[in-house]
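Structure first, then comments.
We name chains A, B, ... by the order of the sequence lines, and we start the count at 1 in each one.
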Amino acid sequence: MVSVMEIYQLTPKLNCKKCGLPTCMAFAVALLAREKQIEDCTPLLEPKYEEKLKKLREVMAPVAGATETGLIIHEDRCYGCGNCVVACPVNVANDPKGSAIGLGPKSDKVILVVEDGVVKCLNPKECRRFGPNRILCNLCTATCPSKAIEFV
Amino acid sequence: MAVCTGCSLLCDDIEVSIDGRRIAKTKNLCRKGFGRYRSLTSDRSVPRVDGKQVGIDEAISRAAEMLRDAKRPLLFGWSCSTLEAQRKGIELARKTRAIIDDTSSICQGEIVDMIIRGELPTCTLDDVRNYGDTLIFWGCDPSSSHPRHMSRFSYFPRGEKLQRGHEEDRTAFLIDIRTSPTAKILAGNFIQISPGGDADLIEAMLAVLDGKIPKVRDKKAMISMITTLKKADMGVIFPGLGLAYSLKGRMDRLKALVSRLNETTRYNVIPMVGHYNMRGFNQLLFDETGFINRVSFGDGVDHGPMYSVVEALKSCDLALVVGTDPISSLPAGIAKALARVPMITLDPHRTLTTELSRVVIPTALSGIEAGGSALRMDGVRIEFDPIMKSEYPSDEEVLSKILEEI
């Protein structure tokens with residue numbers, strides 16, 4: 001998984017503030033949190049940073065499928081065990097007759113479901129990591145036996 | 001709701017959308033179960049006699065003829081077939097004076113036998129979900145073998161008396177020789193042992209339970225584990241193949257541990273049976289003969305290790321294989337010996353066994369194309385209906401026809 005430092009090393013390191021943030025390190029953090037796009041850094045689009053831009057796009061490619069909360073599901077690693085579905089506190093609260101007791105979800109408000117043998121994220125906005133008052137909950141990743149779920 | 005026959009959990013909360021003969025979308029199936037559903041349209045077997053494709057009725061007639069002529073047939077497999085088919089299989093074994101054995105003979109037979117005979121206490125998986133607060137997974141990796149075991153029944157779900165689930169109300173230990181995916185989840189309670197070290201660990205646990213200092217392993221960790229085990233309101237041990245193979249012939253040690261734990265609190269055992277209806281065959285045969293496997297109907301009912309698939313291969317002159325793929329799963333030497341015996345195989349798919357069989361009879365996939373019933377790993381009967389029509393007959397129908405023709 002790409003780290004903030006890795007992204008920072010690929011920025012122009014000018015602290016020009018053109019992206020609206022005070023430093024390139026802040027931009028790297030925002031880029032990883034999906035609050036900014038690569039294109040928001042205008043100097044990076046100049047020809048002299050072509051190499052860095054190309055490499056940045058490469059390192060950001062694996063996290064392209066991340067949800068608004070930064071959740072990434074590696075479907076190739078998922079066993080479809082549903083541990084995350086049953087352990088997710090939001091699923092438990094919203095679906096007491098289904099996922100809370102180990103059964104398939106019966107409510108539309110659940111975040112994680114297992115479809116075609118792999119886990120899918122349905123309602124990322126319900127996640128406790130969403131929005132400004134987010135909590136750094138990690139029960140879905142901690143209970144995954146194959147480390148198929150990650151947060152960026 | 002459909003039932004998944006991918007493993008012995010027999011999950012009955014599966015949602016399936018069908019588009020003609022194709023599975024369009026599934027919900028709640030683990031990868032293993034999804035693989036079984038997806039196999040509906042891949043690698044299906046065709047009726048064959050001596051390598052030539054024939055009609056299914058011709059294959060059945062040839063199978064009946066071979067069974068009628070055989071002096072000492074072996075009927076093997078059964079773990080991936082319904083209770084109804086297994087009942088017909090036992091009837092066929094009686095009629096042909098055959099040896100009948102199933103995969104439990106080389107799997108968890110000893111533990112299942114002790115449970116069915118009442119020598120080990122057991123409970124249902126629903127009891128585990130509702131009341132099981134201390135769990136021991138021993139010599140198994142449920143995340144890989146039964147992907148929904150921990151999420152559906154044992155560790156993660158909230159139960160009637162365990163409203164806070166794994167976060168506060170449940171403790172689970174894993175005893176294994178390797179850092180498996182399950183070990184990664186239960187990292188703090190993972191006890192790694194050396195291969196074959198299960199009996200020594202049991203001795204150490206018994207020593208601590210007797211108030212002595214254990215001679216092996218980390219003494220503090222052992223005492224801490226036993227303290228937790230003794231505090232349980234209801235404990236459950238899930239022995240896997242690792243424990244079954246390690247304790248082979250010394251299963252009294254497991255019995256001693258469970259009975260010693262039961263002096264303080266309540267402990268049950270549920271073996272991690274792999275195939276979806278191995279437990280069903282064991283129960284059926286036990287009800288009819290008093291033995292769970294390795295039975296010969298040659299001269300009345302006889303039982304013994306000489307009737308296990310491994311030994312029976314030396315004397316049988318025909319093998320009928322139903323609901324398993326022994327050529328792929330048995331050790332190479334035994335598979336080679338089996339391949340030398342004329343085989344009749346009933347299987348929905350092409351397998352190494354069907355490839356080496358003299359007669360192949362394709363059958364419907366149970367749970368998808370054929371209905372029936374099966375016993376879950378905890379002995380609870382689960383019934384299922386077919387979710388689509390099939391051009392293939394079920395195992396039960398084929399065995400009935402063979403019975404009629406003999």
Side-chain angles (χ1 to χ4, degrees), chain A residues 1 73-123 128 135-151, chain B residues 1-2 4 6 9 11-17 23-38 125-126 128-130 141-160 162-167 174 179-188:
Chain A
M1 188 60 65
I73 297 169
H74 302 284
E75 290 193 357
D76 53 330
R77 285 191 224 159
C78 181
Y79 296 168
C81 62
N83 290 355
C84 52
V85 178
V86 178
C88 172
V90 178
N91 275 15
V92 171
N94 290 346
D95 189 25
K97 304 265 181 204
S99 44
I101 56 167
L103 294 169
K106 295 187 192 312
S107 160
D108 295 336
K109 280 189 169 179
V110 291
I111 301 171
L112 298 161
V113 293
V114 177
E115 282 181 6
D116 292 342
V118 289
V119 71
K120 300 258 162 62
C121 184
L122 281 192
N123 302 309
R128 302 206 291 184
I135 299 167
L136 291 178
C137 172
N138 70 341
L139 274 166
C140 56
T141 56
T143 55
C144 180
S146 57
K147 302 294 163 221
I149 310 181
E150 282 182 292
F151 282 108
Chain B
M1 293 284 177
C4 171
L9 287 181
C11 295
D12 52 4
D13 59 345
I14 309 302
E15 292 174 37
V16 188
S17 315
I23 301 286
K25 193 175 181 182
T26 67
K27 281 187 179 175
N28 311 327
L29 272 178
C30 67
R31 190 173 280 255
K32 196 172 173 177
F34 181 63
R36 183 161 171 87
Y37 273 69
R38 203 173 44 180
L125 286 171
D126 301 293
V128 177
R129 183 173 64 78
N130 285 323
D141 173 21
S143 296
S144 305
S145 61
H146 302 77
R148 290 190 73 197
H149 193 287
M150 296 177 88
S151 68
R152 189 149 184 243
F153 295 109
S154 54
Y155 186 51
F156 291 108
R158 270 71 177 158
E160 205 175 290
L162 304 164
Q163 290 293 318
R164 286 166 295 181
H166 70 288
E167 288 166 88
L174 174 70
T179 313
S180 61
T182 307
K184 286 174 191 159
I185 305 175
L186 305 175

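- With respect to chain A, the highest number of heavy-atom pairs below 4.5 Å among R148(B), H146(B), E15(B) belongs to R148(B).
- Counting heavy-atom pairs closer than 4.5 Å to chain B, the top residue among N83(A), D116(A), L103(A), V119(A) is D116(A).
- Considering only heavy atoms from C-beta on, C144(A) stays 4.5 Å or farther from I185(B) through its side chain.
- Contact of the H166(B) side chain with the T143(A) side chain is registered, since non-hydrogen atoms from C-beta on lie closer than 4.5 Å.
- Closest approach of G102(A) and P157(B) over heavy atoms only: N-CB, 3.7 Å.
- For K27(B), the NZ atom counts as loosely surrounded, since its 6.0 Å shell holds 12 or fewer non-hydrogen atoms of other residues, nucleotides or ligands.
- Atom SG of C88(A) sits about 12.5 Å away from atom CZ of F156(B), to the nearest 0.5 Å.
- In this structure, R158(B) and V92(A) have side chains that are in contact, with non-hydrogen atoms separated by less than 4.5 Å.
- In this structure, V118(A) and R31(B) have side chains that are in contact, with non-hydrogen atoms separated by less than 4.5 Å.
- Contacts between E167(B) and chain A at a heavy-atom distance below 4.5 Å involve the side chain alone, from C-beta outward.
- Although no hydrogens or angles enter the test, the distance criterion places no donor-acceptor pair under 3.5 Å between the side chain of S151(B) and the main chain of V86(A).
- Interface check for chain A: of the options R129(B), M150(B), R38(B), H149(B), the most heavy-atom pairs under 4.5 Å are formed by R129(B).
- Note that CD of E115(A) and CG of L29(B) are 11.0 Å apart. Values are rounded to the nearest 0.5 Å.
- Under a cut-off of 6.0 angstrom, the local environment of NZ in K147(A) is crowded, with over 12 non-hydrogen atoms contributed by other residues, nucleotides or ligands.
- With a 4.5 Å cut-off on side-chain heavy atoms, C30(B) and Y79(A) do not count as touching.
- Nearest approach of P145(A) to S143(B), heavy atoms of both residues: CB-OG, 3.6 Å.
- Other residues, nucleotides and ligands place no more than 12 heavy atoms under 6.0 Å from the CG atom of D108(A).
- Residue P96(A) does not touch chain B at all, counting heavy-atom pairs closer than 4.5 Å.
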